[in-house]
Amino acid sequence: MNASSQKYKIAVTQRMPEPIRERILRDFDARLDVSSAAQEQMGSWIQYCDGVDAILCTPADRMSAADIAALSSSVRVISTFSVGYDHIDVRAATAHGILVTNTPGVVTDATADIALLLLLGAARRATEGQALARSGAWRGWNPTQLLGNDLTERVLGIVGMGRIGQAVAKRAISFGMHVHYLSGSDRPKSLPFPARQHCTENTFWSACEFLSLHLPSTPENYHFLNAQRLSQMPCGSILVNTSRGEIVDDDAVIAALHGGRLAAVGLDVYPDEPRIPAGYLALPNAFLLPHLGSATHGTRLAMGVRALDNIDAVLRGDVPQDCVNEPA
Ligand code: DGY
């Protein structure tokens with residue numbers, strides 16, 4: 001609760017988990033679910049932010065430079081209910097003196113779990129298995145049915161050995177995989193598990209029987225996994241992406257699936273969500289999820305707590321725990 005009797009005003013874009021919604025209603029003068037309201041009116045949710053002190057948004061709510069320029073000067077903080085903040089034009093927010101915060105750390109385990117689900121689902125042909133099990137056409141066990149790939153003793157290449165990359169590595173090692181990672185740093189990371197560093201790409205791609213991507217979506221990382229890098233991976237390798245769709249060139253990946261360079265993919269993220277490229281939908285060796293990386297009860301609660309704690313800190317005049325910019 002604010003010290004003054006006047007509550008701060010907040011616009012919340014999406015429906016929040018119930019305890020988070022209750023805390024918002026207790027502590028703020030709130031405009032809730034403004035994104036759905038705006039969609040019904042076929043308008044922009046930004047119009048619902050007039051006069052608010054804080055905005056609580058999600059990766060589904062894009063905030064362009066023009067959106068940010070249209071905000072009233074009352075807005076002091078944009079808190080995103082996510083680790084990724086590529087949906088917000090942070091530079092524009094900084095220029096308008098608005099702090100942007102995110103929720104790192106609390107999504108690590110849930111996202112790493114989904115990466116393993118994708119790894120297994122892609123390797124063991126889960127899309128085809130599900131379809132067969134539900135079709136009524138299954139005629140029973142046979143020795144050659146839906147044979148997939150082993151994880152044991154295979155190399156998993158990780159690009160982006162941060163919190164989530166490391167959590168994926170630990171899980172993969174417990175499945176008997178060998179972890180390799182790409183990092184140009186000449187000071188190898190001190191990792192609490194065995195992993196082989198590749199300082200350059202020369203040796204990395206050809207080692208990756210499996211590949212898991214953990215990069216943020218930045219202009220530099222746009223289409224990081226492209227045809228040229230894919231062509232250096234072993235034939236029949238498997239790709240998993242739980243970070244952001246923009247870091248993968250989907251046309252190149254779909255061509256690699258058709259050509260056999262990739263045996264399968266497991267994807268949780270896409271560049272233009274909720275649209276999933278049609279080329280994947282047509283392929284049985286694409287194991288696809290609708291951006292479920294952080295979707296557990298506990299994780300979504302922790303994200304909401306963290307996002308609101310960041311807003312509270314800014315509105316009290318403190319430095320928030322998770323600030324991604326430094327307005328002058
Ligand atoms: C994040 O936190 O950025 C995730 O993509 C949300 O699941």
Side-chain angles (χ1 to χ4, degrees), residues 12-17 19-21 33 35-36 55-64 77-90 93 99-119 121 158-168 171 212-222 224-225 239-248 250 265-277 280 287-311 320-325:
V12 182
T13 57
Q14 309 276 339
R15 185 168 182 88
M16 289 287 141
I20 302 304
R21 187 180 173 88
D33 315 335
S35 187
S36 334
I55 297 173
L56 176 54
C57 67
T58 76
D61 312 303
R62 299 226 158 255
M63 295 192 80
S64 66
V77 54
I78 298 169
S79 173
T80 183
F81 186 101
S82 59
V83 181
Y85 48 87
D86 46 289
H87 51 292
I88 301 169
D89 191 319
V90 175
L99 282 162
V100 179
T101 64
N102 67 341
T103 63
V106 294
V107 308
T108 305
D109 286 323
T111 309
D113 288 348
I114 283 285
L116 264 289
L117 175 62
L118 292 173
L119 215 58
I158 292 186
V159 185
M161 195 54 111
R163 268 186 292 253
I164 298 174
Q166 290 185 35
V168 170
R171 284 160 173 74
S212 190
L213 299 173
H214 302 283
L215 293 173
S217 175
T218 60
E220 303 76 55
N221 291 339
Y222 181 75
F224 169 81
L225 187 65
L239 162 70
V240 161
N241 188 12
T242 50
S243 48
R244 284 292 182 266
E246 287 83 352
I247 68 170
V248 159
D250 289 309
V265 292
L267 304 176
D268 190 40
V269 287
Y270 313 90
D272 185 25
E273 296 177 8
R275 196 184 71 81
I276 298 180
Y280 291 130
F287 180 52
L288 307 173
L289 294 177
H291 204 149
L292 294 182
S294 63
T296 69
H297 293 291
T299 301
R300 289 285 162 87
L301 199 55
M303 292 165 79
V305 168
R306 191 82 168 244
L308 288 179
D309 286 352
N310 284 326
I311 291 176
Q321 192 181 354
D322 312 300
C323 205
V324 306
N325 65 343

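In this chain, numbering begins with 1 at the start of the sequence shown. In each ligand, atom 1 is the first atom listed, and ligand 1 is the first ligand listed. Because the structure is predicted, anything quoted here is derived from the model rather than measured.
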Are any of the side-chain heavy atoms of Asp86 and Pro216 separated by less than 4.5 Å? no
Polar side-chain atom of Ser79 near backbone of Ala307 as donor-acceptor pair, under 3.5 Å: yes
re atom 2 (O) of ligand 1, the protein heavy-atom contact at minimum distance is Val83 N, 2.7 Å
Short side-chain to backbone donor-acceptor contact, Asn310 and Pro320, under 3.5 Å: no
Distance under 4.0 Å to a non-hydrogen atom of Ser82: what atoms of ligand 1 satisfy this? 1 (C), 2 (O), 3 (O)
Geometry only, no angles: is Gly84 polar-contacting ligand 1 at N/O separations under 3.5 Å? yes
Whether Asp268 side chain and His291 backbone form a donor-acceptor pair below 3.5 Å: yes
Is there a nitrogen or oxygen of His291 sitting under 3.5 Å from a nitrogen or oxygen of ligand 1? yes
Student check: side-chain heavy atoms of Leu289 and Leu117 closer than 4.5 Å: yes
Can you list the ligand 1 atoms lying under 4.0 Å from a non-hydrogen atom of Ser294? 6 (C), 7 (O)
Would you check the N or O atoms of Arg244, main chain and side chain alike, for any that come under 3.5 Å of an N or O of ligand 1? yes
